[in-house]
Amino acid sequence: MSDHTPLYIQNSLTREKERFAPLNAPYVGMYVCGPTVYSNVHLGNVRTFLTFDIVYRHLIFLGYQVRYVRNITDVGHLTGDSDDGEDKIGKKARLENLEPMEIVQKYTNDFHDVMRIFNIKSPSIEPSATGHIVEQIEMIKQIIARGYGYESNGSVYFNVRKFSEDFPYGQLSGRKIDDLLNNTRVLDGQDEKNDPLDFALWKKADVSHLMKWPSPWSEGFPGWHLECSVMSTKYLGNAFDIHGGGMDLKFPHHECEIAQNAGATGEGNSVKYWMHGNMLTVNGRKMAKSEGNGFTPEELISGSHPLLERGYSAMTVRFFMLQGHYASTLDFSNAALQAAEKGLERLMKSLETLKKLPATSDKDNAAAKIDELSNRCATAMGDDFNTPILISVLFDAVKLINKVQDGQLAISKTQKDALQSMIDGYVFDVLGLEVEGVAKTEESDETGPLLDLLVNLRSEAKSNQDWSTADAIRNALSELGVTIKDGKEGSTWDRE
RNA sequence: GGUCCGAUGGCCGAGUGGCUAGGCUCAGCUCUGCAAAAGCUGCUACAGCGGUUCGAAUCCGCUUCGGACCUCCA
């Protein structure tokens, strides 16, 4: 690991790009805030999980042993920050006439399906909030014991003001206690709190509330921020390397998490590198369910959403997202998707070309270039996971492959293998792109010889200058989705 | 209202004190029976106005526009 190109990570906590050094190399602990499973995930959610999929993949690529924890939020949190707010999962359960845990299961399954479609790797541990109620109650006890929590009418709140006297609060999100106080909105049902800044550790449930558990304070449910504090430290230790999530979780969620962990242990911030992925926008606005501009992966692939001119494959979308840096907002548009689709197609075609590329042993003028390309790939990923730069280098590799194919450059067997392993590493392992239409490829194993036969017949017709037969074959195959490519070395075919 | 971020060529998107990614589109050329594919070439941009500097798209200030967070949110 130490002999690799160094890895730099933009740390949200310090606002600096820092050289990555794990607490206990070669082990790396990474926690990412997962989805709340009360409805289908939309594409904006996918972007965040894709961002950390790249982080996970690249760390593995560099040789680290990563424990990746990504939670499932399945406790019904409130729809608003008031006592009369309904819990989201309970609400959905009533609407769909299902048990709350049925809702949780249904949307967890959906989430997993989506992750699979986008080739996003499963985490090492995927803990659920409802499976850690006991631990959450324990942490509340610790927080109370240290004087940072108080009970009020069966609920327990975190005393932000008291905490901020002993520890920095608001460091991650760049907020100051006094500013927060001046700008806190007046919300209903906050009279239980001593201070509007305080947040819930435990909420007493009312009679209609479906998801509730016994506790020393009341029958109720844990506060939203608590589960991540508990599950991250339970599986990764009090101090761990990377904590990730969407930008919109920075405040209050992650700020509260830091406070809870510090408040429970008496030690400061336990996370070395905080990372935040930026939002996916549509027409310049954040994709969100409440905006009505969110679409699900199913709608995307089928093209059934009004915002979509047509359907796009999951890999096209994955590639599209990776052409932008994770820390920048990315605007979703049909034109951009179509551009990405063509680019990805060109990239993948050249990888097919590479496999069949003739290696020459006599002259080899590609060697230096392949070395350079490989270094540029490593540098790009080492610079805060800069996938757009990486992709630009890969397109330079495409150019090189095509030039060899075109006879403008020669490549030795050794260099060809080096190029192949670079491609395998960065395109498939790190970027996680995969060849689409695998089923078709398998099928082509049977029809392949037939197509070869037709192409040969056409070549014969061509050599007889029988253009009408040649064109008839080409047109007929074209209608079946098979493209004939005439090259210097004869004709080949390619399936759409 | 507070805090923070952004504005890049026809489009999408990197980058960054001097040598100006990449993709898509468009035009021309090479190859080709024609076409497709591929290759080559061209299209030189950094919101506006000031300032710092030998030099700024990159640093500083102001202006305009857009966005995020401050409430559940990836």
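Labels below follow one simple rule: chain letters A, B, ... track the order of the sequence lines, proteins then strands, and each chain is numbered from 1.
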Both distances below 3.5 Å, Watson-Crick or wobble geometry, any strand: find the nucleotide opposite [N].
N	value
B:rG33	none
B:rG22	B:rC12
B:rG1	B:rC70
B:rU52	none
B:rA7	B:rU64

In whole Å, I'd like the distance from the [atom1] atom of [X] to the [atom2] atom of [N].
X	N	atom1	atom2	result
A:Leu280	B:rG67	CG	P	16 Å
A:Phe385	B:rA14	CZ	P	16 Å
A:Ile389	B:rG22	CD1	P	10 Å
A:Asp486	B:rA35	CG	C1'	8 Å
A:Gln338	B:rG13	CD	P	15 Å
A:Tyr326	B:rA14	OH	C1'	15 Å
A:Asn293	B:rA68	CG	C1'	14 Å
A:Tyr169	B:rU3	OH	C1'	14 Å

Which nucleotide in the list [options] gets nearest to the side chain of [X]?
X	options	result
A:Ala339	B:rG23, B:rC69, B:rU25	B:rG23
A:Arg175	B:rA14, B:rG2, B:rG23	B:rG2
A:Pro388	B:rC12, B:rA21, B:rG39	B:rA21
A:Ala336	B:rC11, B:rC69, B:rC12	B:rC12
A:Trp467	B:rA37, B:rG22, B:rG33	B:rG33
A:Lys342	B:rU25, B:rC70, B:rA14	B:rU25

- Query: Any donor-acceptor pair under 3.5 Å joining the side chain of A:Arg474 to the base of B:rA36?
  - Reply: no
- Message: Aromatic contact between A:Tyr68 and A:Tyr31, with the criterion being ring centroids under 6.0 Å apart: yes or no?
- Response: no
- Message: Using ring centroids (six-membered ring only for Trp), state whether A:Phe332 and A:Phe295 fall under 6.0 Å.
- Response: yes
- Less than 4.5 Å apart, any side-chain heavy atom of A:Leu322 and any of A:Ile391? yes
Would one find a side-chain N or O of [X] under 4.0 angstrom from OP1 or OP2 of [N]?
X	N	result
A:Lys286	B:rC69	yes
A:Arg346	B:rC24	yes
A:Lys403	B:rC40	yes
A:Asn402	B:rA38	no
A:Arg285	B:rG67	yes

Give me the distance, rounded to whole Å, that separates [N] from [M] when you measure between the [atom1] atoms they each carry.
N	M	atom1	value
B:rC31	B:rA35	P	12 Å
B:rA27	B:rA37	P	13 Å
B:rC69	B:rG13	C1'	25 Å

- Task: Sugar-phosphate atoms are those with a prime plus P, OP1 and OP2; base atoms are the rest. Using that split, label each nucleotide of nucleotides 5-10 of chain B B, S or - for protein heavy atoms under 4.0 Å, 5' to 3'.
- Result: ------
- Task: Starting at CG of A:Leu249, measure out to NE2 of A:His276 and round the result to the nearest 0.5 Å.
- Result: 7.0 Å
- CG of A:Leu357 to NZ of A:Lys416: how many Å apart, nearest 0.5 Å? 6.0 Å
- Item | Aromatic A:Tyr157 / basic A:Lys204 pairing, under 6.0 angstrom, 45° off normal | no
- Message: When you measure from the centre of the six-membered ring of A:Phe52, is the NZ or CZ of A:Arg70 closer than 6.0 Å and no more than 45° off the axis?
- Response: no
- Task: For the pair A:Asp74 (side chain) and A:Pro100 (backbone), establish whether a donor and an acceptor sit closer than 3.5 Å, ignoring hydrogens and angles.
- Result: no
- Message: Quick check against the 3.5 Å criterion: does A:Ser152 have a side-chain atom that pairs as donor or acceptor with the backbone of A:Glu192?
- Response: yes
Within the structure shown, what part of the strands sits under 4.0 Å from [X] by heavy-atom distance: base, sugar-phosphate, or nothing?
X	value
A:His42	base
A:Thr36	sugar-phosphate
A:Leu330	sugar-phosphate
A:Asp471	base
A:Gly277	nothing
A:Leu337	nothing
A:Thr492	nothing

- Query: For A:Phe49 and B:rA74, are the ring centres under 5.5 Å apart with planes inclined under 30°?
  - Reply: no
- Item | Candidates A:Asp486, A:Asp471, A:Asp466 - the one meeting salt bridge (charged side-chain N to carboxylate O under 4.0 Å, His left out) with A:Arg458 | A:Asp486
- Task: Map A:Gln405 and A:Ser392 onto RNA chain B by nearest heavy atom, then report which one ends up closer to the 5' terminus.
- Result: A:Ser392
- Item | Comparing A:Met279 and A:Arg458 on RNA chain B - which has the more 5′ nearest nucleotide | A:Arg458
- Just one of A:Trp202, A:Tyr169, A:Phe167, A:Phe199 clears the ring-ring contact (aromatic ring centres under 6.0 Å, His included) bar with A:Phe158, so which one? A:Phe199
